[in-house]
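Below, all heavy atoms of this structure are taken into account, side chains as well, without hydrogens, waters or symmetry copies.
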Amino acid sequence: MKLETIINSTKCYGCGACACSCNFGALKMGSNGQGFMYPILEQSKCKNCNSCYKVCPAVDDNLNKIRGAVKIGDVYSARNVDSEIRRKSSSGGVFYALSEYVLQNNGYVCGVVWNNDFTVRHILSNMRIDRDAMIQSKYIQSDMNSCYKDVKKKLEDGRSVLFTGTPCQCAALKIFLRNVKTDNLVLCDVLCGGNVSPGFFKSYLNYIEKCKNDKTQGCCFRTKKLGWKQHHIRVTLNHSIYEGARRDNEPFFSLYLAKNIIRVSCFECAFASKERITDITLGDFWGIVDKSIDDDIGISFIEVNTNKGAEILKNISDQLLTERRDINLAASKQINLRTAPIKPKNYDEFWNCYVRNGGEYTLKKYSVFGLRKRIKMKLLKIAKVIKIKSGMLCQNARGSQK
């Protein structure tokens, strides 16, 4: 079975296309010791047909067939005209406008929603209540379950579908649909900083619940309570709230931004460049300094990669405030438009600690959930303030000498 060469390597994206393609039940998705999803093979059911290998986006030959002519699309900064929609969104509210257009035209939207156990999954729906649950970035790797087949069925029935996901999920769907007419499919990838372990995120919530002596009821990764740029997370529990921000070295975001908790295949990502494989690419547009545009509620990055993408953007132009941009402005702040993330030096040490000692111990050792780390970060903050004040005193002294 050819797929074993991918499963047993660092290349597997965990997209689940292989399991969805198997007609014999030989593959299913399950968690490894780090909490990431991988295909599990039941050898006795395998017919060696290699249908799983033929849909894998980690196989170079499969990927080359869907890339087409390499080009960099037109780039825009964008904001939804409705500021309330922007406040509810992680970025500038473009997904809402895209999905609303598709739903108004009797189409379906495929995106990520929370499960009751605070894992996440993709669903396909034509209901606005489900679309609303897809709003906001989830950061954790989603379970695609049957969505590959569900999207295929809708397209074969002549229905329109907007699919949003990570670049590897979009590539997997594109390969999965290689023999299907896709004129009615709008493929939209997000600028992805790496797929977070669902198992680690569960450990993070478990520790918060233990500290609060309470149970989680909801989670929002980007509340905008402190503005769009602060990456403010809120976990709502039955009788209390946990919240923290990037500026406070909040454990989830500090470990995510350090790339400790993302999948190992993300360090070899084949999609981290200006050239995309979808109709439209969405993300945060960092680096805009014009205060008349950046009100800290959120600005979306849009890269239009195909004529189909250009057409749908034209159709929602009355819902967006857009400005044409040079892609290099976005790329200077978005590493995933330039290259795959760099694997941290302590990545293997971190995960060995997690597997041996569990989530709580690892969180305390590597984040401000631990006393030693809190003291260290406090001292670094004090040192930074002293350095700034010393610099100001030196400047004042030089000024007085003149």
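- For residues 294-342, the pairs satisfying ring-ring contact (aromatic ring centres under 6.0 Å, His included) are Phe285-Phe301, with sequence neighbours left out.
- Applying the side chain to side chain donor-acceptor pair (under 3.5 Å) rule to Arg338 yields no partners; only residues at least two apart in sequence or on another chain are considered.
- For the pair Arg131 and Tyr108, the cation does not sit on the ring face, since its NZ or CZ is not both under 6.0 Å from the ring centre and inside 45° of the axis.
- Remark: Lys11 is not positioned above the aromatic ring of Tyr13, lacking an NZ or CZ atom under 6.0 angstrom from the ring centre and at most 45 degrees off the axis.
- The environment of Lys153 atom NZ is sparse: at most 12 non-hydrogen atoms of other residues, nucleotides or ligands sit within 6.0 angstrom.
- Considering Glu209, Gln217, Lys215 in turn, Gln217 is the only one that fulfils the side chain to side chain donor-acceptor pair (under 3.5 Å) rule with Asn238.
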Derivation of the side chain to side chain donor-acceptor pair (under 3.5 Å) call for Asn80 and Asp82: CA-CA 5 Å; Asn80 198 296; Asp82 188 331; over 6 Å; no
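- Side-chain rings of Tyr139 and Phe253 approach one another, their centers coming within less than 6.0 Å.
- Defined by atom type and a distance below 3.5 Å, a donor-acceptor pair is missing between the side-chain atoms of Asn106 and Asn126.
- The aromatic rings of Trp351 and Tyr347 lie perpendicular to each other, with more than 60° between the two planes, well past the 30° mark.
- For the pair Arg263 and Tyr38, the distance from NZ or CZ to the six-membered ring centre is under 6.0 Å and the angle to the ring normal is within 45 degrees.
- Looking at Glu243 and Thr223, their side chains never bring a donor and an acceptor atom within 3.5 Å of each other.
- Residue pairs satisfying the ring-ring contact (aromatic ring centres under 6.0 Å, His included) criterion with at least one member in residues 154-186, sequence neighbours excluded, are listed as follows: His122-Phe163, Tyr148-Phe176.
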